[in-house]
Amino acid sequence: MAKTKKKAQSKSGAKSSAKGKAKPKTAAKSVGAVAVRNNGGGAIDGTAVLREQLSTLLKGGGAHVQFMDAIDRFPESKRGTYVQGLPHTGWQLLEHSRIAQWDILEFSRNASHVSPDFPDGYWPKTPGPPSDEAWQDSVAAFRRDLRDMIRLVENPRTDLYAKIAHGDGQTVLREALVLADHNSYHLGQLVDLRRALGSWPEQ
């Protein structure tokens with residue numbers, strides 16, 4: 001049996017006039033685990049937003065300097081120098097970061113990739129680079145692999161959420177976050193090292 005509809009009353013006793021008015025189109029809606037906002041121009045693609053944020057995170061420069069800022073103009077004479085209280089030299093930190101980044105990138109895109117032995121395979125054998133050319137080659141490889149990882153997450157054809165077929169549960173999203181975290185950790189060590197060596201531009 002249908003009930004008679006009653007008009008809603010406000011606390012002041014005034015009748016509600018909500019009926020017939022267009023509802024605002026600014027409320028956020030949940031799509032999976034991503035919140036998207038409809039502002040009248042269509043819903044934003046949550047995955048596209050995530051790709052953009054991952055790219056920004058990998059590039060760095062938001063909450064701290066970029067990784068390459070810590071490498072730029074690193075004094076050649078101090079690249080293999082230890083500082084008391086700090087465990088690694090500049091060469092060790094650069095080369096370790098390069099190797100780990102390369103490993104994460106190749107694991108994310110290459111089913112035949114074989115990771116180095118852990119942990120020895122992720123660190124250089126000597127405190128300093130064998131030559132300036134070796135240092136420059138490591139820097140260039142780090143730049144290239146970081147650029148390739150950014151391109152991978154930016155590519156709309158990359159499924160960020162799918163489990164990597166040759167892995168054991170990892171996703172490209174997870175690998176990108178691990179890489180950003182790892183680079184950030186060693187970036188802090190590089191900055192501390194350069195400050196201790198008196199070669200960090202404070203201004």
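These numbers come from the heavy atoms of this one structure, side chains and all, not from hydrogens, waters or symmetry mates. Predicted, not measured: the structure shown is a model, and the values here were computed from it.
Two residues are said to be in side-chain contact when any heavy atoms from C-beta on lie closer than 4.5 Å; L93 and H96 fail this criterion. Side-chain contact between P201 and R194 is present, with at least one heavy-atom pair separated by less than 4.5 Å. Within the 4.5 Å cutoff, the side chain of F107 has heavy atoms near those of the E175 side chain. The side-chain heavy atoms of L177 and L57, taken from C-beta on, include a pair separated by under 4.5 Å. Between W91 and S138, the closest side-chain pair of non-hydrogen atoms falls below 4.5 Å. Within the 4.5 Å cutoff, no side-chain heavy atoms of V172 are placed close to those of Y161. Here the side chains of T56 and K59 are not in contact, with every heavy-atom distance at 4.5 Å or above. Contact check for D192 versus W200: no side-chain heavy atoms found under the 4.5 Å cut-off.
Shown here for P116 and G121, the closest heavy-atom pair between the two residues is CB-O, 3.6 Å. Nearest heavy-atom pair across I150 and S55 is CG2-OG, 3.4 Å. Closest non-hydrogen pair, L86 versus A196, comes out as CD1-CB, 4.1 Å. Taking each heavy atom of A176 and L54 in turn, the nearest pair found is CB-CD2, 4.3 Å.
In terms of modelled atom types and a separation under 3.5 Å, the side chain of T89 and the main chain of P127 share a donor-acceptor contact. Side-chain atoms of S184 do not come within 3.5 Å of backbone N or O of A180 as any donor-acceptor pair. Remark: side-chain polar atoms of R51 are paired, donor with acceptor, to backbone N or O of T158 under 3.5 angstrom. Listed for the K78 side chain is a donor-acceptor partner under 3.5 Å among the backbone atoms of L197. In terms of modelled atom types and a separation under 3.5 Å, the side chain of S199 and the main chain of R195 share no donor-acceptor contact.
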### Task
Mind running salt bridge (charged side-chain N to carboxylate O under 4.0 Å, His left out) on K163 and D168 for me, showing each step along the way?
CA-CA 8 Å; K163 291 181 179 180; D168 53 8; over 6 Å; no
### Task
Test side chain to side chain contact (heavy atoms under 4.5 Å, CB included) on L160 and T171 and set out the steps.
CA-CA 6 Å; L160 298 175; T171 64; over 6 Å; no
### Task
Decide yes or no on side chain to side chain contact (heavy atoms under 4.5 Å, CB included) for W135 and I71, but give the supporting numbers first.
CA-CA 10 Å; W135 174 274; I71 298 301; 3.9 Å; yes
#### Entry: Audit row: R79, D132, side chain to side chain contact (heavy atoms under 4.5 Å, CB included) steps and yes/no
CA-CA 10 Å; R79 292 169 181 170; D132 178 60; 2.7 Å; yes
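If you take OG on S108 and CG on L152, they are separated by 6.0 Å, rounding to the nearest 0.5 Å. A distance of 12.0 Å separates CG of D145 from OG of S97, quoted to the nearest 0.5 Å. To the nearest 0.5 Å, atoms CG (L146) and CG (L179) are separated by 6.5 Å. If you take CG on L58 and CE on M149, they are separated by 6.5 Å, rounding to the nearest 0.5 Å. Atom CE in M68 sits 10.5 Å away from atom CG in N183 (nearest 0.5 Å).
Using modelled atom types, one finds a donor on one side chain and an acceptor on the other under 3.5 Å when comparing Q92 with Y82. Using a 3.5 Å distance cut-off with no hydrogens or angles, the side chains of D103 and Q101 do not pair a donor with an acceptor.
Dense packing is recorded around CZ of R147, with more than 12 heavy atoms of other residues, nucleotides or ligands lying under 6.0 Å away. In this structure, N110 places its CG atom where more than 12 heavy-atom neighbours from other residues, nucleotides or ligands lie under 6.0 Å away.
I104 and V139 fall within a single hydrophobic cluster, where Ile, Leu, Val, Met, Phe, Trp and Tyr side chains are chained together by heavy-atom contacts under 4.5 Å. Transitive grouping of hydrophobic side chains (ILVMFWY, heavy atoms separated by less than 4.5 Å) brings V153 and V178 into a common cluster. L94 and I99 sit in two unconnected hydrophobic clusters of ILVMFWY residues. Membership requires side-chain heavy atoms under 4.5 Å apart, directly or through other members.
Residues passing the salt bridge (charged side-chain N to carboxylate O under 4.0 Å, His left out) test with R151 are D148, sequence neighbours excluded. Applying the ring pair (Phe, Tyr, Trp, His ring centres under 6.0 Å) rule to H88 yields the partners W123; only residues at least two apart in sequence or on another chain are considered.
Checked against the 6.0 Å centroid threshold, H113 and W102 count as a close aromatic pair.
Taking 4.0 Å as the cut-off between side-chain N and carboxylate O, D120 and K125 do not count as a salt-bridged pair.
Between F142 and F67, the angle of the ring planes stays under 30°, which puts this pair in the parallel group of the 30/60° scheme.
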